[in-house]
Amino acid sequence: MDISVLIACGVAIFVGLFVGMLMGALPGLGLMLAISLLLPLSYNMDALSSILMLLAVYQGAEYGGSISAILLGIPGTAMAAATQLDGQPYAQKKSPGKALAFSLTASTIGGLFGGLVLIFLSKPLAAFALKLGEPEYFMLGVIGLLAVAALGSSDAMKASISIILGLMAATVGIDMFTGLPRFTGDILELSDGMNIIALVVALFAFTEIFKMISGNLNKKREILAKDLKVKLTFKELRGVTKSIGIGATIGSIVGIIPGLGANASSWFAYMAAKKTAKNPETFGKGNPDGIVAPEAANNATVGGALLPLLTLGIPGSASIAIIAGAFIIHGIQPGPQVLNNNPELINAIFIGFMFTTIGMYIMGKFMTGMFAKVLVLRESFLVPAILVFSLIGVYTSQNAHFDLWLALGLGVVAYILRKLDFSVAYFILAFVLCPIIETSLRRMVILSQGEIGFYLNRPIFMVLAIISVLILIQSLRNTIIANKNKKAMKENTAI
Amino acid sequence: MKKNIIFVLAALMLIIAGCSSGKSTDEDKETAGSTSDYPKKPLELIVPFSPGGSTDVFARAVAKELPAYLPNKQQVAVINKPGAGTTLGLTDVANSKPDGYTIGFTTSSGLDIQPAYGKTSYKPEDFEPIIKTYELNSAIVVKKDSPLNTYEDWLAYVKENPGKFTYGTSGGTGSGGHIAMEDLSKELGVETKHVPFEGVADVMNAILSGQIEGGQMRPDTDVGGDLKPLLFTTDSKGVTDFYKDTPNTTELGLSARSEYYSGFIAPEGTPEEIVTILHDAIKEVMELPQIKELMEKQNLVVSYGNPEEFATTIKSAVERNTVIMKDLGLIK
C-alpha cells in the first residue's frame, strides 16, 4: 500500500467523521442524512476510501448524537435518546465536559469492541457462507426483510407497504432474465434501474429539507456552554468499565441481528446497565453508567452490523444498506465472495475501521467544543447548504441530468409518505435486498428444473425456511395479542 | 408553511432548469466551417462506462497521448456517461454536433445489439466509424477440474444430457454471450440452459462453487485462473498463443460466432477530412509501447480497422445479430 492510498484514506476518514459528528450533533439531521450527503462523493473515489468514509460517518454520528443530547437535552439522533436520560442531568449537576468525556470514551471502546467482533467473526462466517447457493441466499434475503418487518416496526401494515414499495422500486429497469424493461415507461435513463444515489438523497436529504421548511426555520437553541473540556481521569474511567463492557457486548450482538439496529441496542444496554447496577435508583439522575452503556452499545453496533453485510451480503439496517450501495457503486457485490476475491480490500476496511474509531476519539476530544457551537446554528442556514450539496452530489454521480429530476420527484413522494408515517428506512432496505431475493429466487427456479428434491436435499435451506416461518408466526402472534389488548382497552373505555 | 414548500420546490426546479439550458449556445456560433485548422479547441471523448473499467482505462490512456499527435496539440477530455448498457452515452454522441469536437469510444453491443431492440433513439448508421481498436475473446468455459476437457467431451455430454448443461453469462438475457451460445446450441442441435448473472465476478463464483456447470465468457487459465475454455466463439483466442490448441467455431466450420470489438466513433455527418485526422492520430497512439503494454495486460487483442473496415464490421455484425435475435424470438 503506498502513501497516496494512506493519505486518501486518512482524508476520507476525517471528512466522514467530521460530517458524521456534525450531522449527528445537529438535532433532527442525524446519521441517514450524513450518509446520504456523502454517498455521492464515493462515485469519484476508490472503493476503500469511500467505504471508510461512510463507516466514519456512521461512527461519528453515533457519538455526535450524544453531544446535543448532553448539551441541549435534545438527542441529535434517535440512538442518543438513551444517553440523554443521564447525560443531561450529569451535565447540569456536574460538568458537561465530563459527561461528554464519558460518552466519547465509551463510544471509542464500544467502536473498537465492535470492530474486533467484526474482524474475528467475519472469516468463519464467510467460510460458512461460501457453501451457500442461490436457494439459501433467497431465504436469507427473505429472513432479512421479515426480521425487519417483524422486529423493528410498530405498525406492521405500514412497514409492509413501505417494504413492498421498496421491492417494486428495485425492479425498475431491464430485467436480465428476460431482457425486457420493467416499469421504465420507455425512459432510457431508467433501464439500469433507479440511481441509488438519487434515491438515497431524495429519501433522506430532500425529505429532511422539506420537513425543516415546514417547521420554524429561525428557531434558536441554547446550550450549556460552560466547562466543555472533554477530559476524564483514569479513576473515573475505571468506575464505569463494567457498564462499558455490558454496552459493548450488547451493542455488537444486537448489531448482528438484522432489523434491530443501534436504536434498540442503546436502550437494551441502558436497561441492562441499570439492572446490574448497585444503585439503580440513581439512573436518570446523572449516573455516568447510564451515559457509557448506551454510548458503548451504539458504537459497537456499527461493527456488528457490518458482519452480516460483509459475510452474507445482507444489510441489517437502512444505514448499512446505503453503505452496501457504496460497494455496489464500485462493482463489488457485498457477500462472502468479497472476502475471497478482494481480501486486501476487506483487510484494509478492517484496519481502517479501527482507525475511524481512534480518529473519532481524537476529533471528539479536540473538536467537541466547535460542534457545540454549531448546535445554535439556525435551520435557515442549513437548508440551502444541504440542498446545494445534495444537488451537486446527485448530478456528479453519473453526469445525468435525469437523476436530478428523479431525485426531486422521489423526494416529494417520499416526503408525503413520511408525513403519513410510512418508513423510508424499510423502503431503502427492501430496495437493496430485492436484487438478492429476486435473482436468487429466479436462478433457483431455473437450477431446480422443477424438482422438489433439489430443495429437500439442502439442509441449510430447510433450516432457513423454518426460521422464516417461525418469524412469521411470531409476528402474527404479536399482532393478535396487540389487537386483543386494543380491543380490551376499547371495551374498558366504553364502560 | 405550505407556501414555503412551494417556494423551495420552485427554486429547485429553477436550479435544475438552469443547469440544463446554456449547454449548446456558444458552441453554435463556432461552426465547423473550414476544416483546415481543425482542431481549434479541446475535444470531448464520451465513454459510455463508469470510470475505472477496462474500457475507460484504455480510452483515458489514448486520450492522454492523443494531443501530441493531433494538429494544434489540442487536449482531449474524457467524459464518462454510463448507463443503459452504453446506450445513454452513445445517444449523446449521436446527438452531438458532427464537427469533430465530440467523439465516442465504445464496445460493440451498443452498436450491434441494443439498437436492434428498437429502444434507442439512434441507429447503427448514425455514426461515422473512425477506427477499430481491439477485440475481446470469449469461449464456453468450465471449471479447471471439470471432467470435460475438450470441445468433443462437451458435445458428447450435452448431446447425452439435453438441458442439463447450465451456463452463466455476465450480461443476462439478450446480451452478446447469451445470443452467441443460443445460436451455437441451435446450430449443433443441443439443448443448454442459460442462467443470467450481473457481472463477471458473479458468474465466476457460481461456476467455481458448482452451482452452474459453465459459462460463456473470457477464460482465465492463461493468467492463472480457474476457468478453462472448451470452444472459443470468437475468432480471437486472446493476446498470447496460450490457447492455440483450443478450437474456435470458425476453425470447426461452424457459422455461430460472436464478436466483441471496440473503437472510436463520431456522429454521422462528421467531415471525412476530420475523420481521417482523428484516425491517423489514434492509429499512431495505438503503436506506442505503453499503449501496447496496457492492451496486453488487459487482454485486449489488437484488431485494427480503418473507417471503411470498421463500418463493414459493424454492418455485418448488425445483420448477423438481427437474424439470430429474430430466430431466438428476442425481437420480432
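Side chains included, hydrogens not; waters and symmetry mates left out as well; all remaining heavy atoms used. In the text below, chain A, chain B and the rest are named by the order of the sequence lines, each starting its count at 1.
- Rounding to the nearest 0.5 Å gives a distance of 10.0 Å between OG1 of B:T173 and CD1 of B:I179.
- The contact between B:T91 and chain A is made entirely by side chain atoms (from C-beta outward), counting heavy-atom distances below 4.5 Å.
- Put simply, CG on A:L410 and CE on A:M194 are 5.5 Å apart, with the number rounded to the nearest 0.5 Å.
- Residue contact with chain A, scored on non-hydrogen atoms closer than 4.5 Å, involves the backbone and the side chain of B:F197 alike.
- Surrounding NZ of B:K64 are at most 12 heavy atoms belonging to other residues, nucleotides or ligands under 6.0 Å away.
- B:Y167 and B:H178 have parallel rings, their planes meeting at less than 30° on a 0 to 90° scale where 60° marks the start of perpendicular.
- Contacts between A:P435 and chain B at a heavy-atom distance below 4.5 Å are absent for every atom of the residue.
- For chain B, the nearby part of A:L132 is the backbone; its heavy atoms alone come within less than 4.5 Å.
- Of the atoms belonging to A:L188, heavy atoms from both backbone and side chain fall under 4.5 Å from chain B.
- In summary, the side chains of B:T55 and B:T107 do not present any donor paired with an acceptor at a separation below 3.5 Å, with no hydrogens or angles considered.
- Only the side chain of A:D186 comes within less than 4.5 Å of a heavy atom of chain B; its backbone N, CA, C and O stay farther away.
- Taking B:S209, B:P196, B:G163 one by one and counting their heavy-atom pairs under 4.5 Å with chain A, the maximum is reached by B:P196.
- Looking at B:T87, both its backbone and its side chain come within 4.5 Å of chain A, counting heavy atoms on both sides.
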Quiz item: Between B:D202 and B:S170, does a side chain to side chain contact (heavy atoms under 4.5 Å, CB included) hold up when you go through it step by step?
Solution: CA-CA 8 Å; B:D202 284 358; B:S170 62; over 6 Å; no
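- A salt bridge does not link B:E182 with B:K186: none of the charged nitrogens is closer than 4.0 Å to a carboxylate oxygen.
- Using a 4.5 Å cut-off between heavy atoms, A:T439 does not touch chain B at all.
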